[in-house]
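The structure under discussion appears below in the form of structure tokens.
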Amino acid sequence: MTIAIVGAGLGGLTLARVLHVNGLDSVVYEREPSRGARGQGGMLDIHSGQRALREAGLIDRFYGIARGEGQDMRLLEPDGTLLLQEDTPDDAPLERPEVDRADLRDLLLDSLPEDVVRWGRAFTSADNGLLHFGDGSSATYDLLVGADGAQSRVRTLVTEARPAHTGHNVVEIGIPDIDRTHPDLAAMVGRGTYWVLGNGVSLAAQRNGDGRVRIGLGFYNTAEDWFATSGIPFDDPAAARARLIELLPGWDSRFTALIAACDDTVVPRSITTLPVGLTWPSTPGVTLLGDAAHLMPPVGEGANMALLDGALLGLALAAHPDDFAVAVKGYEREMFERTGAAARMSTDMQELLALPDAAQKMLAFFQPG
């Protein structure tokens, strides 16, 4: 029984690892030519996903790369008012530690036999137990698992649902080696997440393990084509930084100083989601996990859900190695309920962040009553 996993992201690799731990083989097909072909993004807040890493036998190694201090948080309003500061004691439990996505992916990759991941294999279609790739090659499968992200091609085999724009657009910028180059800003941001919310705009600055601070400027209640009309010249980083500062009238000068200090990486990202509570009839020989199954707003749940998807699907297949259909049905039933709840919470959070008084609303969320 051949298990083919399309996509070497966190969910697909967790599935492959849990299968390996339980004595089942799989093959992961990844379109990128190598593990280092592109950057893997910033820090992840891993909480419920720790269960997946335990099932994968990797929790101790995870704690070795996790950053407990990444649990620190500061919440402010655009005028500079500090609403909340949470500093994590050095001996605090690692309930929601931050970890660099690339480090976590490397941990998973290094835990697999070398021949499990097949690089440079861009999936194009599947039929009659045969996978087809962009280079003209093919491979057989008994179970196909789509772990191929937001723009999943495997998804089309089980549902017509497609991601839709949320009204949220993000510009990603950052400051490298901030402790050395801008120690004053480094002290302001702190060790974890620095959040400024208000007027339908957010600034989220987050310390990465490599010394870089990644900054996401979120613009809510904006159209899908907003970047084209925003006046941000993405091909001219200096002018783009200046325009971003113009888009924050009345904001405290400390926050605009963060933007002015950024390097020339200026990346636009349109935020899309799948319908909340998306399900599909169980389809013989194919299923989905991670963003391919339940793309949701980026508020700290997506990666955790993907890790859990991979682990729980792996355990279901290990429990029914001779009946993949039963395993998949059980996995999908649990996954639909679990991720539907997470997607509803994420959508509620997204709507909260779009409010003019988002900082006050968020403070009430963190300190109810």
Side-chain angles (χ1 to χ4, degrees), residues 42-43 45 67 69-89 96 98 168-208 211-222 226 230-232 237-263 265-267 269 271 298-300 349-369:
M43 304 298 288
D45 167 14
R67 297 177 57 249
E69 68 274 16
Q71 299 173 109
D72 290 3
M73 187 183 70
R74 300 177 187 185
L75 175 64
L76 303 97
E77 292 182 301
D79 65 2
T81 302
L82 177 65
L83 297 178
L84 179 67
Q85 179 168 335
E86 294 183 344
D87 295 325
T88 308
R96 302 180 69 100
E98 298 284 337
H168 180 200
N169 290 288
V170 175
V171 179
E172 184 179 296
I173 50 181
I175 306 173
D177 197 11
I178 191 171
D179 289 306
R180 184 183 64 82
T181 59
H182 298 279
D184 54 334
L185 296 178
M188 181 181 77
V189 170
R191 306 183 303 174
T193 299
Y194 188 83
W195 231 0
V196 186
L197 304 175
N199 305 319
V201 181
S202 66
L203 182 153
Q206 189 177 48
R207 181 74 70 120
N208 282 21
R212 181 180 181 84
V213 163
R214 294 173 68 94
I215 299 170
L217 283 171
F219 298 89
Y220 298 87
N221 305 312
T222 50
W226 180 78
S230 66
I232 304 171
R241 290 191 293 271
R243 175 57 181 160
L244 289 170
I245 291 172
E246 288 179 357
L247 291 172
L248 303 177
W251 280 49
D252 189 279
S253 60
R254 292 173 295 171
F255 309 145
T256 55
L258 273 176
I259 299 171
C262 288
D263 64 12
T265 301
V266 185
V267 181
R269 299 194 186 282
I271 306 302
V299 294
M349 184 75 74
Q350 178 99 353
E351 293 174 354
L352 184 154
L353 293 172
L355 296 174
D357 58 346
Q360 294 289 340
K361 298 289 187 184
M362 190 60 67
L363 178 64
F365 175 83
F366 286 119
Q367 295 184 331

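Model, not experiment: these values are computed from the prediction.
Among residues two or more places apart in sequence or in another chain, the side-chain hydrogen bond (donor to acceptor under 3.5 Å, both in side chains) test is passed with T256 by none. Residues passing the side-chain hydrogen bond (donor to acceptor under 3.5 Å, both in side chains) test with S230, sequence neighbours excluded: none. In this structure W226 satisfies the ring-ring contact (aromatic ring centres under 6.0 Å, His included) test together with F219, sequence neighbours excluded. In terms of the side-chain hydrogen bond (donor to acceptor under 3.5 Å, both in side chains) criterion, E86 has no residue partners (sequence neighbours excluded). Evaluation of the side-chain contact (heavy atoms from CB on, under 4.5 Å) rule for P183 yields no partner, not counting sequence neighbours. Taking the salt bridge (charged side-chain N to carboxylate O under 4.0 Å, His left out) definition, one finds that D79 meets it with nothing, sequence neighbours left out. Taking D252 as the reference, R254 meet the side-chain hydrogen bond (donor to acceptor under 3.5 Å, both in side chains) condition, with sequence neighbours excluded. Applying the salt bridge (charged side-chain N to carboxylate O under 4.0 Å, His left out) test to D179 and every residue at least two apart in sequence or in another chain returns R207. Judged as a salt bridge (charged side-chain N to carboxylate O under 4.0 Å, His left out), and not counting sequence neighbours, the contacts of R191 are D72, D90.
A donor-acceptor pair under 3.5 Å is formed between the side chain of T181 and the backbone N or O of P176. Q71 places no side-chain N or O within donor-acceptor distance of the main-chain N or O of T88, the cut-off being under 3.5 Å.
When all heavy atoms of I173 and R212 are compared, the pair lying nearest together is C-NH2, 4.3 Å. Here the closest non-hydrogen pair linking V266 and A240 is CG1-CB, 4.1 Å. Across all non-hydrogen atoms, the minimal contact from G218 to H168 is CA-NE2, 3.7 Å. Nearest heavy-atom pair, V170 versus G216, reported as atom, atom and distance to 0.1 Å: CG1-CA, 4.1 Å.
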Q: Evaluate the criterion side-chain contact (heavy atoms from CB on, under 4.5 Å) for residue pair L185 and V213; output intermediate values, then yes/no.
A: CA-CA 10 Å; L185 296 178; V213 163; over 6 Å; no
Q) For L76 and L83, what are the C-alpha separation, side-chain angles and deciding distance, and is it a side-chain contact (heavy atoms from CB on, under 4.5 Å)? A) CA-CA 5 Å; L76 303 97; L83 297 178; over 6 Å; no
Q.
Please determine whether side-chain contact (heavy atoms from CB on, under 4.5 Å) holds for the pair Y194 and M188, giving the CA-CA distance in whole Å, both sets of side-chain angles, and the decisive distance to 0.1 Å.
A. CA-CA 8 Å; Y194 188 83; M188 181 181 77; 3.4 Å; yes
Q. Checking side-chain contact (heavy atoms from CB on, under 4.5 Å) for the pair L217/L248: CA distance, chi angles, key distance, verdict?
A. CA-CA 10 Å; L217 283 171; L248 303 177; 4.2 Å; yes
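Contact of the R180 side chain with the I178 side chain is not registered, since no non-hydrogen atoms from C-beta on lie closer than 4.5 Å. Under the 4.5 Å side-chain criterion, counting only non-hydrogen atoms from C-beta, M43 is not in contact with R214.
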Counting only pairs under 3.5 Å, give me each side-chain donor-acceptor contact of residues 197-206, with atom names and distances, residues two or more places apart or in other chains.
residue: S202; atom: OG; partner: Y220; partner atom: OH; Å: 3.4
residue: Q206; atom: NE2; partner: E98; partner atom: OE1; Å: 3.1

Which pairs of donor and acceptor atoms, one on a side chain in residues 352-364, lie under 3.5 Å apart (sequence neighbours left out)?
residue: Q360; atom: NE2; partner: E77; partner atom: OE2; Å: 3.2

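The structure places CD of E351 at 10.0 Å from CG of N221, a figure rounded to the nearest 0.5 Å. In this structure, CG in D45 is found 12.0 Å from CZ in R67, a value given to the nearest 0.5 Å. The distance from atom CG of D177 to atom CG of D263, rounded to the nearest 0.5 Å, is 11.5 Å. Here the straight-line distance linking atom CE of M73 with atom CG of L84 works out to 4.5 Å at 0.5 Å rounding. Expressed to the nearest 0.5 Å, how far CD1 of I259 lies from CG of L244 amounts to 6.0 Å.
Pairs passing the salt bridge (charged side-chain N to carboxylate O under 4.0 Å, His left out) check and including a residue from residues 194-205, sequence neighbours excluded, do not occur.
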